[in-house]
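Structure first, commentary second.
Numbered from 1 within each chain, the chains take letters A, B, ... in sequence-line order.
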Number of protein chains: 2
Amino acid sequence: MIPDSLSQFQFDTIYNVFSLVIASQLFTSIFLIICLPRVLPRYRQALTVAAVVCGIAAYHYFRIFTSFTEAFVTEAVGGRGDYVQVAGASFNEGYRYVDWLLTVPLLLLELVAVLALARKVQASLLSRLVPAAALMIALGYVGEVASDNLTRGIFGLLSSLPFAYILYVLFVELTRSLKRQPESVRKTISLLRLLLLATWGVYPIAYLLPGLGIDGSDAWVGLQLGYSIADILAKCLYGLIIYRIARMKSFADDDGFAATELSVEDATNLKRSTVEI
Amino acid sequence: MIPDSLSQFQFDTIYNVFSLVIASQLFTSIFLIICLPRVLPRYRQALTVAAVVCGIAAYHYFRIFTSFTEAFVTEAVGGRGDYVQVAGASFNEGYRYVDWLLTVPLLLLELVAVLALARKVQASLLSRLVPAAALMIALGYVGEVASDNLTRGIFGLLSSLPFAYILYVLFVELTRSLKRQPESVRKTISLLRLLLLATWGVYPIAYLLPGLGIDGSDAWVGLQLGYSIADILAKCLYGLIIYRIARMKSFADDDGFAATELSVEDATNLKRSTVEI
């Protein structure tokens, strides 16, 4: 629940962090679009999706930011600089779910696309990952807007079933496909998977806080900070690692491309062996 | 008719769904523009039109969103956090018709353009489909703004005549042209036609609701949800399927293009046979 009032420090913290997320998402998106010609065509699908994900997140954080500033007015309660929630205006947590509904399936698509697997394998993975992701978010949303903790708990639990299934597909089934990847990128793909697990893990923890009776303005500020940082890592950092993988695979696929993109020294080394770029 | 009041839950649902439509249309549009170089030039007209359609829809949903939030003011009932949205201004349903007047003919143009038929066949199809689509929307609009159910019914009926004609052209005349398409895309084009039929079918059903005496705030919320989901499917999903067809046709037309765009494994398979990409 949104608190009745925030101190100036709390208000400014959220304000600045939301702005940080907008800047991070928007410019990661622009960066990735500019970088499209710097990977081979077969990896551009992954980069395009990564750019779109960050763009969608920038749009939603812009909405979240506006919703936040409109939900509070300064009122001289006690001292100067205390913010009080405006009656009637509510802070719209739903934007996060709308964002996730679009971006979470796309994040999985990015990961599968950058592997450039055979279309059949790709289609098989996505036909299971994408619906599971959408189901996970939809069930979470029902719990989030529920007014009682029991419903919240039940839908939280239901939502974690597709989450577990996604982890199974990523950590068991995808592992088979990893063997076909160039050795230089295998480690980075594993890292990406761990980043996904670590950042996505933040969301259920944040979801549980109200049920655990952790409430009040400090908890609320902490929750918003947690979501914001998780979103930067899960979308911007994730997209940049996707870009790194796409670059490494492009060099491994095409010596001529590597020779024009890399420093002279690295290009020479690459020719001699598959080097860690 | 717009209801006199909405509960906080109903208000938030519409609010979030309208925002979902804006994000979906805007970023599908951006995605398709970025992807233009990823199909052969002869298919870029279809993709460009698809991007423009989604852009126009994003603009109109931005208007609809603003019209919606301005149509209601918050009023506290009972305890803190119980709010009712009271209609103070009218919600402008006309935006939808303006949107459809522009986008519906363009959706048909997309479909014809991606087939890359001979100019003469293309011109013949469009010279019948586009005016029929414009007539269908214009007649529907007259019925929508009519104050009595009889006028609404008559113009609803008149509007369904060009709709039936469009279906005739798509399902009878277009079928002849399908035989010239590569086998791998025929199934997808049929799917696209069915998507068009299913999503466009939502609009006359929604149009009939007030005449059937289905009214009140729940019906109104349901109607807005129906329109929103139909618009996402009929424009975003439709545009993405157009992109898929354009990609498949590009690969079928040009082996060299396929070799740079596809994974090494798929490109090898494609050379051997016309594979389902």
>> To the closest 0.5 Å, what do you measure between CG (A:L106) and CZ (B:F31)?
In response: 9.0 Å
> When rounded to the nearest 0.5 angstrom, what is the spacing between CZ in A:R63 and CZ in B:F65?
Replying inline: 4.0 Å
> Quick one: does B:S263's side chain get under 4.5 Å of A:L117's, heavy atoms only?
Replying inline: no
> Rounded to the nearest 0.5 Å, how far does CG of B:N16 lie from OH of A:Y95?
Replying inline: 7.0 Å
> In terms of heavy-atom pairs under 4.5 Å, which option from B:T28, B:V17, B:T13, B:I22 contacts chain A the most?
Replying inline: B:I22
> Do any of residues 32-56 of chain B have a heavy atom less than 4.5 Å from a heavy atom of chain A, and if so, which, in residue order?
Replying inline: B:I34, B:C35, B:R38
> Just wondering, are more than 12 heavy atoms of other shown residues or ligands nearer than 6.0 Å to CZ in A:F62?
Replying inline: no
>> Could you check whether atom CZ of A:R186 has more than 12 heavy atoms from other residues, nucleotides or ligands sitting under 6.0 Å from it?
In response: yes
